Amino acid sequence: MDWTDWAWPFLHAMGTIAYAASGAFVAFAARYRLVGVYVLGLVTSFGGGVIRNTLIGLPVNELWDKQMFLLVLVTLTVLYVLSKKWLHYWRRWGYLFDSIGLASFSLQGALYASQVSHNLFVIVAVALFAGVGGGMIRDVLAGRKPVVLQEQVPALLTGFVALTVWLGGDRYTHPLPFLGLVTSVVILRMLSIQLNWRQVIHWLQTHMRNAV
């Protein structure tokens, strides 16, 4: 069996479930009830894919896989039942799930875009909106500023993914580079949170503006 027969579904499932959990954690933090958990989980899971398919002209109805939809609902139900316990771990696990979703969806977006265009800017745009689109909608519905507009690191990482795919070409149709890139993005995102790279980037921007 060709590795792509399982790698693509695995990547899609991993990103979708991770973003479902991320949406649930945000709903818990916003003190939303059952409906809020489902809405934020579903929006985060499928929002980036809807934007991605719209940008590159793919049918949006391809996203509504019954098994995936059911898996998301089961994930959200389990998290809701355990919400009191999970909420205490939001800052640790919430960002990890968000990072996994960011990595997998931005890579999917970049790979899809590279199949229809070799233009770097197109690949970057699709990777960006695929990676952070669902999270932005989630944050707006939760009544908070979108994380990607505050941290900047997620947007930079989607650009890194897009550039890597653009330079690597067919290399990322092979399993090791494919999964290695996802792992690298997750590690870099978690390091950025632990080391507070947001403050470093803000400091650099401030000094660059002052220098000008």
Side-chain angles (χ1 to χ4, degrees), residues 12-56 58-66 68-109 112 125-159 161 185-186 189-190 192-193 198:
H12 180 63
M14 181 175 65
T16 302
I17 297 305
Y19 261 164
S22 172
F25 282 127
V26 172
F28 297 153
R31 300 185 181 278
Y32 285 174
R33 306 293 292 181
L34 181 62
V35 174
V37 172
Y38 281 121
V39 169
L40 264 62
L42 289 168
V43 163
T44 313
S45 296
F46 297 106
V50 170
I51 298 174
R52 178 199 68 209
N53 283 19
T54 302
L55 287 175
I56 60 180
L58 291 177
V60 174
N61 60 7
E62 289 185 353
L63 300 170
W64 312 131
D65 179 84
K66 292 181 180 179
M68 187 61 62
F69 193 78
L70 180 61
L71 190 57
V72 168
L73 292 180
V74 170
T75 300
L76 295 173
T77 301
V78 171
L79 290 175
Y80 181 77
V81 171
L82 302 176
S83 59
K84 291 183 179 179
K85 295 182 179 179
W86 280 102
L87 182 57
H88 298 294
Y89 297 98
W90 153 247
R91 294 194 66 82
R92 180 185 301 175
W93 295 107
Y95 283 118
L96 175 61
F97 286 126
D98 200 58
S99 300
I100 294 172
L102 173 73
S104 58
F105 270 77
S106 60
L107 178 53
Q108 286 183 73
Y112 271 117
V126 175
L128 174 64
F129 285 108
V132 305
M136 290 182 66
I137 299 171
R138 172 204 65 199
D139 291 339
V140 171
L141 292 177
R144 67 180 197 174
K145 296 179 180 179
V147 172
V148 65
L149 299 183
Q150 299 181 73
E151 289 188 12
Q152 301 183 66
V153 173
L156 292 176
L157 288 176
T158 61
V161 169
V185 171
V186 172
R189 174 77 193 289
M190 296 307 293
S192 75
I193 294 168
R198 174 185 170 189

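Along the sequence shown, residues carry numbers from 1. The shown structure was predicted, so the numbers you read here are calculated from the model rather than taken from an experiment.
- Considering all non-hydrogen atoms of both residues, D139 and P146 come closest at OD2-CA, 3.3 Å.
- Considering every non-hydrogen atom in both S104 and G15, the closest pair reads OG-CA, 2.9 Å.
- The distance from the CG atom of L42 to the CD1 atom of I137 is 12.0 Å, given to the nearest 0.5 Å.
- For the pair Y38 and Y80, the minimum side-chain heavy-atom distance is 4.5 Å or more.
- Remark: the backbone N or O of A155 is paired with a side-chain donor or acceptor of T158 at under 3.5 angstrom.
- How far CZ of F105 is from CD1 of I51: 11.0 Å, rounded to the nearest 0.5 Å.
- Interatomic distance, CG of L76 versus CG of L40, reported as 9.5 Å (0.5 Å rounding).
- When all heavy atoms are compared, the tightest approach of M190 to S99 is SD-OG, 3.5 Å.
- Between Y19 and D98, the shortest heavy-atom contact is CE2-OD1, 3.3 Å.
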For residues 125-133, which side-chain N or O atoms pair as donor and acceptor with protein atoms under 3.5 Å away, sequence neighbours left out?
none

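- Contact check for V39 versus L141: side-chain heavy atoms found under the 4.5 Å cut-off.
- Using modelled atom types, one side-chain atom of T75 and one backbone atom of L71 make a donor-acceptor pair closer than 3.5 Å.
- Going from atom OG of S192 over to atom CG of L156 covers 9.5 Å, rounded to the nearest 0.5 Å.
- Nearest approach of A30 to A142, heavy atoms of both residues: CB-O, 4.3 Å.
- Side chain of T44 to main chain of G135: no donor-acceptor pair is present (N/O by atom type, distance under 3.5 Å, no hydrogens or angles).
- For Y32, the side-chain hydrogen bond (donor to acceptor under 3.5 Å, both in side chains) test picks out no residue, with sequence neighbours left out.
- Shortest non-hydrogen contact noted between L107 and V161 is CA-CG1, 3.7 Å.
- In this structure, the separation between CZ on R189 and CG on L96 is 10.0 Å, given to the nearest 0.5 Å.
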